[in-house]
Each structure stands twice: as structure tokens, then as C-alpha cells.
Protein chains: 2
Amino acid sequence: MALDMSELEPVSRRSTAEIVADRIRTAIMRGTFPPGTQLGEVELAGRLGVSRGPLREAMQRLVAEGLLRSERHRGLFVRELDADDVRDVYIARTAVERAAALLVLAGDRGAAAARLTGALGAMEAAARAGDAVALADADHDFHAELVAASGSPRLRRMTDALLVETRMCLAALQETAPPAPDLLAEHQTLRDAVRDGDAHRFVTTLEAHMTDAVTRIVAAMPVAGGDLTGA
Amino acid sequence: MALDMSELEPVSRRSTAEIVADRIRTAIMRGTFPPGTQLGEVELAGRLGVSRGPLREAMQRLVAEGLLRSERHRGLFVRELDADDVRDVYIARTAVERAAALLVLAGDRGAAAARLTGALGAMEAAARAGDAVALADADHDFHAELVAASGSPRLRRMTDALLVETRMCLAALQETAPPAPDLLAEHQTLRDAVRDGDAHRFVTTLEAHMTDAVTRIVAAMPVAGGDLTGA
DNA sequence: ACGCAGCAGATTGTTGACAACTATAGGAGC
DNA sequence: GCTCCTATAGTTGTCAACAATCTGCTGCGT
């Protein structure tokens with residue numbers, strides 16, 4: 001692992017809006033604010049100990065990321081994701097992670113494989129402990145590490161946003177319970193493909209991994225226009 | 001082309017921050033604010049006829065998009081792009097546009113090819129007229145249309161941001177003057193590949209197109225640490 | 001009973017002023 | 001002459017109050 005230089009960094013270099021945005025983002029990710037809920041400005045500002053000004057700035061940031069939906073003079077709502085959104089998230093993730101993996105394969109594969117192995121260890125531990133949320137965290141970290149290892153800031157930023165949306169889906173579905181052994185095996189295959197420099201195997205496994213996740217999530221989703229009328 | 005339903009849309013559905021962000025984004029794109037310039041809040045707010053509140057919200061949005069760099073208690077600066085950034089932008093663009101093209105090839109190729117042909121017409125007209133900025137606009141539109149035709153909102157949003165950064169590079173270089181005939185031929189090849197459903201040809205041409213652009217831009221860039229000292 | 005005008009409550013959008021911080025220019029001391 | 005300290009100007013960060021708008025309810029008229 002890299003050195004921990006956090007002690008040397010200035011304390012308050014991050015703006016208040018950024019900190020507030022991070023807090024709300026994780027809250028949305030964890031399912032604290034289910035999709036569709038309205039976020040009142042005064043209540044959130046009071047709860048976070050800031051005024052409405054910085055909070056509104058943070059909200060605009062989240063709107064730009066696609067996590068919130070803003071209706072003028074009506075309020076801010078947590079974005080609701082339908083089946084098409086789930087498909088779209090995974091299409092984008094596949095595109096970005098594929099590109100990241102190709103960059104990794106052209107670079108330092110050993111270091112990347114080591115980082116992925118670390119994330120794999122966390123997944124195994126979570127799976128053994130039967131901790132579903134920890135498993136989701138480790139899964140999240142695995143893919144984040146993969147893209148981070150590519151060294152591309154833009155792919156990294158895109159993935160961060162997409163992973164948050166992924167967690168939103170999972171949180172809304174209240175633990176879709178993917179079969180842990182299969183999940184582990186697939187990620188192990190990805191790690192091995194990175195280690196061995198096998199691009200074709202990686203891409204094939206990744207695409208299968210993504211389409212599997214989509215079908216599982218979409219199947220567990222409540223039907224969009226859930227009425228049983230003939231139309 | 002699709003129907004023009006703009007008359008039916010509500011007048012002020014877009015928030016002020018969004019409008020302001022669009023204005024500043026295009027200004028940065030067009031090179032009105034060169035990279036590195038500080039954007040004073042009071043001056044911008046006065047020029048746009050809004051107060052500092054909405055303007056700061058718009059700024060946060062642009063910071064989230066990666067167009068601005070915020071230094072606490074010091075100000076907002078237009079992001080400066082070095083050679084690594086150029087490479088990164090084109091890596092991300094290649095990843096996104098490749099995925100978009102594969103979606104298009106799996107969908108309505110004819111409609112997509114028609115939209116691309118329209119953008120190609122604008123490129124030809126601009127090339128004939130020798131209008132470099134119009135050519136850049138048409139080039140921009142071509143790639144935007146391609147990704148829009150994929151029907152993926154997320155790929156669309158990513159491309160919008162990446163294309164703005166692309167224009168930033170070009171504007172900073174004061175018309176890098178790519179050979180117009182070659183540019184036209186490459187885009188024609190891309191259109192034909194979409195029309196014929198030739199995925200391999202499309203990807204190959206796209207990658208060549210991107211790497212060409214990178215080498216051309218990087219070569220025309222001022223050297224990062226442009227001192228001639230021995231180090 | 002049903003529908004609609006008008007009102008009350010709450011929420012968002014905007015503004016101007018105040019506080020905190022940074023950078024620069026000038027002068028005192030060595 | 002050079003360095004360091006200080007005052008000052010200009011910037012950003014934050015806040016509380018004001019204005020505009022939407023929603024739900026009440027009461028009247030048909």
C-alpha cells in the first residue's frame with residue numbers, strides 16, 4: 001500500500017459544499033434517503049450544522065452528478081431509478097471498466113493485481129461472515145480499485161458516480177442477495193485475468209458479470225407501471 | 001428529424017443555476033475564459049445579472065464537471081489541461097463513444113446514419129467555406145449525435161462533458177488546423193461503418209481518429225515545464 | 001353533492017450584508 | 001541592502017431576512 005500522507009495535508013482545503021455533498025451522497029448510497037424522498041433544505045441544513053447557502057451549493061453538485069432531481073419551486077428529490085436506468089448504469093460501467101482494464105493491462109499489472117487481491121480478501125471475509133452490506137462495500141471497492149489502478153482521473157470520476165447509482169439500486173431492493181460464491185469466483189477470475197494480462201478473458205467475464213447483475217436486479221424490481229390493466 | 005416540441009415546454013423549468021452554468025460552460029468552451037484565468041464572483045454575477053448565490057451554485061456544478069478548480073479562500077480558476085489531461089480525455093472519449101456505437105449498431109442503424117449524415121453535411125459546408133470554428137462545431141455535433149443516437153443518458157452526459165474539455169484544448173491552441181479532407185474522410189468512414197453495421201471497422205477507425213487527434217494536439221501544446229534549463 | 005375561487009401555510013429562490021481569509025505593498029529593524 | 005513584520009485592500013465563505021411560488025384547505029355558489 002501507499003504511504004499515508006493524510007497528516008501532512010491542510011485541514012480545511014476541501015470546501016464546505018464538497019463535504020456536505022459527500023455526506024448526502026453516502027446517505028443516498030446507503031439508502032438512508034430512499035429514491036423519491038424530498039430533501040427539505042432547512043431540515044438538512046439544520047441537521048448538518050450549516051446554513052442553506054452551502055447546502056444549496058452541495059445540492060447543485062449532486063444534481064450535476066445525476067443523483068438528485070430538481071423541480072423548480074417544488075423541491076429536490078432523490079432520483080428514482082427504473083429498469084432502463086439500471087440497464088444504462090451497467091452499460092456505462094461496462095464501457096468505463098473495460099477501458100480501465102485495458103489501460104491496466106498495458107501498465108503495471110502486478111501492482112494492480114495486488115490491489116485487487118486486497119479487495120478480494122475483504123470480499124471473502126464478508127462472505128464468510130455473512131455480512132451482506134460489507135460484501136457490497138467490498139464489491140464496490142474492488143471495482144473502484146480496478147479503475148483507480150488505470151491512472152485515468154476521468155474514468156475514475158465516472159466510475160465513482162456510477163458506483164453510487166449501483167448502490168442506490170441495491171439499497172432500494174433491500175439486499176438482493178446475490179449468491180456469494182459465484183460473485184467471489186467471478187471477481188477472482190477478473191483478478192486473474194489482470195494478473196495474466198488476458199484481455200479477452202477479462203472483457204468476457206466482465207460483460208457476463210454485468211449482464212448477470214442487470215437481470216438479477218431488474219427481476220427483483222417492482223414493475224414500473226405496476227397496474228394490471230389491459231393496456 | 002424529430003418534432004420540435006419546444007413551444008409546449010414550460011418557460012422557466014430550468015433553474016437559474018443551470019442557465020448560468022450553461023452560459024459559463026460555453027464561454028469556457030469557446031475560449032472566452034482561457035485556462036488559468038480566475039473567475040471573480042462579483043464581476044461575473046454583475047455581468048450575468050444575477051446575485052452571487054445562484055452564481056456560486058452554478059460554479060459548484062462546473063467544479064463537479066471538472067471544468068473549474070476551486071481553491072478555498074482564493075478563488076475559482078479555469079482548469080488548465082496538460083498533455084496527460086489531453087490523453088485522458090481522449091481515452092475516456094474512446095471508451096464512451098465505442099460503447100455508444102455498439103449500442104447504435106444493435107439498434108436502428110438507419111436512423112443513426114441519417115443523423116450522422118446531417119452532421120457530415122455541416123462539416124463539408126464548413127470545410128468548403130474554410131470556417132475553422134464552424135468545422136469544430138460540426139465535428140462536435142457529429143460525435144454528440146453519435147452518442148445521443150445510442151439512447152443512453154449516461155453516455156450522453158459523459159460525452160457532453162468530455163466534448164467541452166476537447167473544445168477547451170482546441171481553443172487554447174488557437175485553431176490547430178487539422179487537415180480538413182482527412183478529417184472529413186475519417187468521419188465519413190465512421191458514418192459508413194454505422195450504416196453497414198461494421199463494428200470492427202468502426203472501432204478501428206475511431207481509435208485511429210482519437211490517437212491522431214491526441215498526437216496532433218500534444219505536439220502543438222506548449223511544453224509543461226517549458227524552461228530550457230539543464231534539468 | 002359537486003366544483004371552483006380564494007386563502008393560509010410552508011417551501012424554495014434571491015438578495016444584501018457581515019465575517020474570515022489571502023495577497024500585496026510599505027516601512028521598520030538588522 | 002536585505003529581511004521580516006504590519007496594515008490594507010480585495011477576495012471568498014457564510015448567514016439571516018425578504019420575495020415569489022406551490023400545495024392543501026375552507027367556504028361559497030350552483
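Labels below follow one simple rule: chain letters A, B, ... track the order of the sequence lines, proteins then strands, and each chain is numbered from 1.
- Between A:Arg167 and A:Glu165 there is no salt bridge, since no side-chain nitrogen of the basic residue lies less than 4.0 Å from a carboxylate oxygen of the acidic one.
- Residue contacts for A:Leu55: at a heavy-atom cut-off of 4.0 Å it reaches no nucleic acid atom on any strand shown.
- Within the structure, every side-chain polar atom (N or O) of B:Arg72 is placed at least 4.0 Å from both OP1 and OP2 of D:dT12.
- Rounded to whole Å, the distance from CZ on A:Phe77 to C1' on C:dT12 is 11 Å.
- Going from atom CD1 of A:Ile19 over to atom C1' of D:dG13 covers 13 Å, rounded to whole Å.
- When the P atom of D:dT11 is taken as reference, atom CD of B:Gln38 falls 8 Å away, rounded to whole Å.
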>> Assess the residue pair A:Ile91 and B:Leu103 against the criterion (side chain to side chain contact (heavy atoms under 4.5 Å, CB included)); give the C-alpha distance rounded to whole Å, side-chain angles, the decisive distance to 0.1 Å, and a yes or no.
In response: CA-CA 9 Å; A:Ile91 284 171; B:Leu103 284 178; 3.8 Å; yes

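- Taking atom CE of residue A:Met59 and atom P of nucleotide C:dT14, one finds them 16 Å apart after rounding to whole Å.
- Ring pair A:His143/A:His187 is perpendicular by interplanar angle, where above 60° counts as perpendicular and below 30° as parallel.
- A:Leu44 places its CG atom 14 Å from the C1' atom of C:dT12, with the value rounded to the nearest Å.
- Along DNA chain D, the nucleotide nearest to A:Arg74 and the one nearest to A:Thr16 differ in position, and the one closer to the 5' end is contacted by A:Thr16.
- Counting to the nearest Å, the P atom of C:dT12 and the NE2 atom of A:His73 are 11 Å from each other.
- Heavy-atom contacts from other residues, nucleotides or ligands closer than 6.0 Å to CZ of A:Arg47 number 12 or fewer.
- Distance CD (B:Glu41) to C1' (D:dG10): 13 Å, rounded to an integer number of Å.
- Across the protein-nucleic acid pair, A:Glu57 atom CD and D:dT12 atom P stand 12 Å apart, rounded to whole Å.
- Among the nucleotides D:dT14, C:dT22, C:dT12, the one closest to the side chain of A:Pro54 is D:dT14.
- Donor-acceptor pairing under 3.5 Å, judged by distance alone, is present between the side chain of A:Arg52 and the base of C:dG13.
- A side-chain contact (heavy atoms from CB on, under 4.5 Å) with B:Leu170 holds for exactly one of B:Ile217, B:Val133, B:Asp139; it is B:Ile217.
- Here A:Gly53 lies out of heavy-atom contact (under 4.0 Å) with every strand.
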